[in-house]
Amino acid sequence: MKRNTFSYKVKQYLMFGGVGTFLFCAVVIVPFIYGIYLTFTSWDGVSRDKPLVGFANYAAAFKDADFWMAMGRTVIYSVFAVVFINILAFAMAYLVTSGVKGQNFFRAGFFVPNLIGGIVLGYIWKFVFNRAFVAIGNAITGGTTTSLLATPRGAMFCLIFASVWQYAGYMMLIYVAGFMSVSDSLKEAAMIDGCTPAQAMRNVTIPLMRSSFVQCIFLSITRCFVIYDVNLSLTKGEPFGESVMAAMHVYNTAFTYKRYGQGQAEALILFIVCAIIGVTQEWIGKKGEVEA
Amino acid sequence: MTQNEKAAAAKKRNHAIMITILIILFILFIMPFILVIINVFKDKADIVSNPLALIGAHGFTLKNFPEAMRKMDFFNVFKNSLIITVSATFLTILISSMTSFVIVRNGKWKMCTAVFALMVASMVIPFQVLMVPLVSVYGGIFNILNSRITLIFMHVGFSVSMATFMFHGAIHSTIPLELEEAALIDGCTRWQTFWKIVFPLLKPTIATVTIIDAMAFWNDYLLPSLVLTRKEIYTIPIATQQFYGTYSTDIGLVMAALLLAMLPILILYLFLQKYIVAGVTSGAVKG
């Protein structure tokens with residue numbers, strides 16, 4: 001049997017990789033390319049013909065003040081969420097690797113929010129913010145408190161809070177793996193050389209865990225930037241559309257207002273911004289990596 | 001006190017502080033679940049008047065469950081979620097392990113490197129970019145939305161790149177080529193070599209991919225909500241969302257629906273906790 005012919009290669013490839021490649025192309029590659037085409041049409045979602053309109057959708061997207069407001073909000077939300085997720089996750093990882101009793105139990109417990117989908121999580125927190133917190137507030141002040149979700153700033157706070165709660169446990173697992181990869185002998189060597197535990201942490205452990213930081217920050221940025229499920233269930237964009245994040249705005253433009261071309265153009269802008277931030281972050285992070 | 005005793009005392013004190021912080025954090029983490037659980041056994045008026053009380057003024061009640069189950073058609077949506085998650089996960093494993101096998105073992109073929117590069121690059125594309133064209137192509141041109149089978153294949157298509165990437169790493173670094181050569185010399189075809197030798201050795205990666213993908217499929221909302229618009233084929237997240245939209249004022253029923261929606265995966269976690277944490281960790285660190 002000839003192993004070097006073109007037909008042999010194609011047959012081998014199709015036998016193993018045919019179905020996978022077909023499905024991958026059918027739902028990722030083809031829609032991606034078709035989506036770029038759609039941005040140049042003014043398709044309404046129903047009619048068969050998709051009239052070409054040139055760059056009108058991009059112009060509309062750039063002029064869409066609501067979209068840029070939503071982008072700005074997403075950036076603010078992401079910055080706070082990413083910072084708090086990583087601080088909390090790192091602290092929890094430190095605590096559950098410090099050798100205290102029952103650390104596996106705590107690890108498993110902190111991970112629970114990740115098991116549950118964004119929709120259910122959002123509704124749970126909506127109940128907590130709207131009912132439980134209000135009840136606590138009433139008990140403390142003796143009067144009537146309004147829900148945090150009723151004000152734009154409050155809604156933003158709630159979204160950040162719920163996201164930190166949702167992702168911290170997951171990022172904690174990555175930091176735990178990072179802590180475990182730094183061998184104890186290095187820390188001991190630093191201590192013998194006169195480091196305090198805090199100095200050993202800052203100068204030995206954290207630099208060696210750089211790849212964990214890069215990865216956690218990358219994952220949390222890319223997830224926060226396209227937040228949708230929790231946004232939909234927790235605030236639904238309320239009050240007054242002041243908590244609509246970019247992904248939800250894209251969804252609304254395309255599917256609610258039936259401006260598919262413009263929605264797709266905005267989705268591409270969102271993707272490009274997200275990709276630029278993610279790649280820059282990876283690049284900066286990888287540049288200064290050290291090895292023991 | 002000697003130096004050693006002082007150090008030991010300090011260590012003990014640190015330990016106590018750490019455990020206290022951990023316990024407080026732990027309570028904060030599970031507090032929302034506890035609130036749902038205590039309120040699910042109260043009637044509507046009791047929840048509204050005092051959501052923090054352990055037992056409502058009208059006492060303990062179970063009546064929220066049957067009504068919520070009926071209104072959200074729980075057994076049906078549970079069945080749908082189960083069918084979709086199990087078949088999509090199963091297919092993802094088979095298809096992506098095969099794809100990665102041919103890619104790893106024929107690294108010099110141009111089509112293999114091209115497909116693999118495309119797959120890796122595609123992992124940064126957020127779903128929002130694909131949702132409009134997806135609806136346009138499969139709803140507008142082929143008209144095959146609104147079917148569980150379409151959703152299953154879409155789930156597989158979206159997860160195949162990540163899974164192939166993980167299997168690629170596993171085959172590349174853990175399965176010796178000599179093993180496959182020995183099988184070939186003994187008369188196995190490539191196909192038999194893969195299923196008899198390679199696939200069984202991939203068990204740890206299979207477990208990781210199963211856990212990550214099954215959780216993602218079970219909890220996914222956006223894709224199913226675009227594909228499934230007929231009530232009979234809703235999955236749990238869509239049914240929860242629809243239920244909340246209709247009965248949001250009947251807070252007792254909402255509590256029961258939320259608990260029902262979480263319960264299957266929480267019960268599973270209780271038994272498979274060790275494997276799930278390990279699987280997610282290795283998946284996250286490799287991905």
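None of these values were measured; they are calculated from a predicted model. Quick note on labels: first sequence line is chain A, next is B, and so on, each numbered from 1.
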B/I238, part contacting chain A, at a heavy-atom distance under 4.5 Å
neither
Atom group of B/W218 that falls short of 4.5 Å from chain A, counting heavy atoms:
neither
Which atoms of B/V160 are under 4.5 Å from chain A, going by heavy atoms: the side chain, the backbone, both sets, or neither?
side chain
Who are the salt bridge (charged side-chain N to carboxylate O under 4.0 Å, His left out) partners of B/R105, not counting sequence neighbours?
B/E180
Can you spot which of A/E266, A/Q262, A/R259 makes a side chain to side chain donor-acceptor pair (under 3.5 Å) with A/T253?
A/E266
Checked B/V156, B/V254, B/N39, B/I30 vs chain A; the most non-hydrogen pairs under 4.5 Å come from B/N39
For the interface with chain A, which of B/I276, B/V36, B/L222 has the highest count of heavy-atom pairs at distances below 4.5 Å?
B/L222
Less than 4.5 Å to any heavy atom of chain B: does that hold for the side chain of A/I33, its backbone, both, or neither?
neither
With a 4.5 angstrom heavy-atom cut-off, which part of B/I236 approaches chain A: side chain, backbone, both or neither?
neither
Less than 4.5 Å to any heavy atom of chain A: does that hold for the side chain of B/F194, its backbone, both, or neither?
side chain
Taking C-beta and beyond as the side chain, do B/T92 and B/F217 meet within less than 4.5 Å on heavy atoms?
yes
Is B/L91 close to chain A through its backbone or its side chain, or both, or neither, when contacts mean heavy atoms under 4.5 Å?
neither
Select, from B/F153, B/Y269, B/F101, the one with the greatest count of heavy-atom pairs under 4.5 Å involving chain A.
B/Y269
